[in-house]
2 protein chains.
Amino acid sequence: MFDQGDGAVVEHKTSRDPAMTDVARLAGVSHQTVSRVLNGHPNVREQTRLRVRAAIAELGYRPNKAARALVTGRSQLIGVVAQNSTLYGPASLLAAFETAAAEAGFAVSVGRVNVLDRNSISDAVERHRDQRVAGIVVIAPTASANDAVGAVSAGIPLVTVDGDPERSTPLVTVDQAAGAFAATRHLLDAGHRTVWHVSGPSDWFDSLGRIRGWRSALETAGMEVPPVVPADWSASSGYRAGQMLARMPEVTAIFAANDHLALGILRAMSERGRRVPHDVSIVGFDDVPEAAYFIPPLTTIRPDFHAVAKETLELLLAQVGDGDVGAPQRTVAPALVQRDSVAPPTE
Amino acid sequence: MFDQGDGAVVEHKTSRDPAMTDVARLAGVSHQTVSRVLNGHPNVREQTRLRVRAAIAELGYRPNKAARALVTGRSQLIGVVAQNSTLYGPASLLAAFETAAAEAGFAVSVGRVNVLDRNSISDAVERHRDQRVAGIVVIAPTASANDAVGAVSAGIPLVTVDGDPERSTPLVTVDQAAGAFAATRHLLDAGHRTVWHVSGPSDWFDSLGRIRGWRSALETAGMEVPPVVPADWSASSGYRAGQMLARMPEVTAIFAANDHLALGILRAMSERGRRVPHDVSIVGFDDVPEAAYFIPPLTTIRPDFHAVAKETLELLLAQVGDGDVGAPQRTVAPALVQRDSVAPPTE
DNA sequence: TCTACAGATGTTAGCGATAACAGCGCCTGT
DNA sequence: ACAGGCGCTGTTATCGCTAACATCTGTAGA
């Protein structure tokens, strides 16, 4: 029955990852001490701490997050619910948030949803709760999404992004109105008598906020407020709006609700022989990467998605800590990016 | 010492979620039987099964994934490593994969990476392993990403998407060459003597594959192969390439490596007074949502991202099951979408 | 009638971490 | 010299689940 000892000689006896007890044995301490070192507990002798760290490094030990999640009831995971689209704004927001969360040591689990209605969002939230996520972020740019969020928020840190500014639950948004105000103001400052607005879909808060800011800038300046030209977010709808506006000689300045709309408008103007910015000035919104390469390069409003992501994370983590932080709303002011699509009116 | 019974009367005594034992107690069975019902184990009497299901429904019980992950060593999570960009192809791929995984009951954890180098990718992969993900998907469209993946794949199911078709590890890609071949062939069929190509960045496999397919179509047809016009993926670089090509009267057909390049080329042609498709025919690649609204609507190649996502998931799950499936490479053929940017050459 | 076996269920033992408490030195104050 | 406290470490229980084995029932075959 004498065992040749092959079990004792082999260092990595099986493929099993090292656990905390393995580290403890190697360092000559208890697993609890290892845990304390890992969690930065103060009452550990420096020498012990070093020994444990050395053992961790030697074994290539990495803590099992599932075990930790089980005992603490929370994982280092944040769930995000987002619509299944590639629209620039939401997609950028999502990417920025993933980056910010990773920097803070959180993993991000994304639950895509095809339509932003109550059932879909509620399902996605429940799936995340099953994972024992630390918190949930919902990107809810439309009215229906906003209503749905109101119905599900319960018992877990939750932050809405890009939702209704009037919400009473934690929310972070780009200050659409401020951006629109700045855009409109910029056109008025250039000497235009009024500014036309091609807007996004009316069930998006982004659209409403931008309309509000635009109108407010005109009213503040005592200028006439022309009717809103409705569109969706697409270049094609911008093109159609542009075809109409190009036929109206009194139109000298346009604020487009996003850069894609602006692109369509540029195209329509160009086809009608109305030069930008000589005959017509245009400002967009979003600062998509291509905006600097439009013809002419587009003056636009740049939302700081990185800042939005950071605020969102902060708001979420504050809830994890205190359980309740009231219902703070935070807005992030966008910046005007001046390029070559704005000039004083001629004549 | 008589207790008024407030503990017994209150159904939801605390905020604690119901656990398997709670369900078991209510159904009058052991927690193991509940587990068997949940996992579809065959040896459970139908009547018992119903009783358990009723108890589950009554309590609103949802299994704790962390506990399951701890005991099985694997979570129902799939990690995705992707670059922090909003380029249409990778972004669409990611969204499609998230949807496909959700349909299969998996959550998706996204690890964004700013540059696709070895360290970043390796870090992201390790972070996912800490979460005990069931498998990892790396979107690796560039050479550096591909090398990095080669260095880290170890001991966990891993599928590369959009990587080097010559890889020896599991991989799913769009068949770039086939798409490019079809695009080029389509232009030749329209009667053009040859087809020029504006390509993407040379460190992307997508670019290389599209060049290969284009060249192959020309050679197969016995046509002259003009020099590749290099660009990146942006509309602006397409515009610059287009300015050059517009000056060359012998250029009657262009295959652009993606739709944004095509957009820039369209713009340049329009400015130079070369009409599309009357004077010059153009085919793009990607079928971005706006492509149907370009002027003129763009004939392009549509990759089936949904199919790529599905194949990727299959390949991943196959590895989870068997541990090893060899090194299958799967490609998904894209489709030609005919619109109005192609016509026979004039004269 | 009794054994054998299979199906249905229960019991026990972990998975790998944290939480709570216990114990052991050593310094301090009196 | 001794109680008390603090700093460091170890021991034990626990989270909610699955795996493995044990037990119990009923039925078929000898």
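Proteins get letters first, then strands, A, B, ... in listed order; numbering begins at 1 in each.
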Notebook entry, point to check: At their closest point, which heavy atom of A:Val52 faces which heavy atom of A:Ala27, and how far apart are they?
Noted result: CA-CB, 4.1 Å
Item checked: End axis versus end axis in the helix from C:dT1-D:dA30 to C:dT30-D:dA1, the angle rounded to 10°, five pairs used at each terminus -> 50°
Notebook entry, point to check: To the nearest Å, how far apart are A:Gln131 CD and D:dC17 P?
Noted result: 14 Å
Checklist line | d(CG, A:Asn43; P, C:dC26) in whole Å | finding: 17 Å
Check: Is B:Arg167 salt-bridged to B:Asp164, going by a charged N under 4.0 Å from an acidic O?
Finding: no
Next item on the list: Using modelled atom types only, decide if a donor and an acceptor are shared between the side chain of B:Ser109 and the backbone of B:Gly79 within a distance under 3.5 Å.
Entry: no
Notebook entry, point to check: Are a donor atom and an acceptor atom from the side chains of A:Asp162 and A:Thr173 found within less than 3.5 Å of each other?
Noted result: no
Margin query: Less than 4.5 Å apart, side chain to side chain, heavy atoms only: is that true for A:Gln83 and A:Pro90?
Written below: no
Checklist line | B:Asp130 and B:Arg127 ion-paired at < 4.0 Å | finding: no
Note to self: Applying a 4.0 Å non-hydrogen cut-off, can you work out what A:Thr33 is touching in the nucleic acid: base, sugar-phosphate, or nothing?
What the structure shows: sugar-phosphate
Item checked: Approximate separation, where rounding is to 0.5 Å, of A:Lys65 NZ and A:Gln76 CD -> 6.0 Å
Checklist line | Listed nucleotide nearest any side-chain atom of A:Arg45, set D:dT11, D:dC8, C:dA8 | finding: D:dC8
Margin query: Protein within reach of the bases, or only the backbone? For nucleotides 13-20 of chain C, mark each nucleotide 5' to 3' as B, S or -, using heavy atoms under 4.0 Å.
Written below: -BBBSBBB
Next item on the list: Figure out the CZ/C1' separation between A:Arg25 and D:dG10, and round it to whole Å.
Entry: 16 Å
Check: Expressed in angstrom and rounded to an integer, what is the separation of B:Lys65 atom NZ from D:dT18 atom C1'?
Finding: 15 Å
Notebook entry, point to check: What integer distance in Å separates B:Gln76:CD from D:dG16:P?
Noted result: 20 Å
Item checked: Distance, rounded to the nearest Å, where B:Ile56 contributes CD1 and D:dC17 contributes C1' -> 13 Å
Next item on the list: Find out whether B:Gln319 and B:Val159 are in side-chain contact, i.e. whether some heavy atom of one side chain is under 4.5 Å from a heavy atom of the other.
Entry: yes
Note to self: Does either side chain, that of A:Asp117 or that of A:Ser120, offer a donor lying less than 3.5 Å from an acceptor on the other one?
What the structure shows: yes
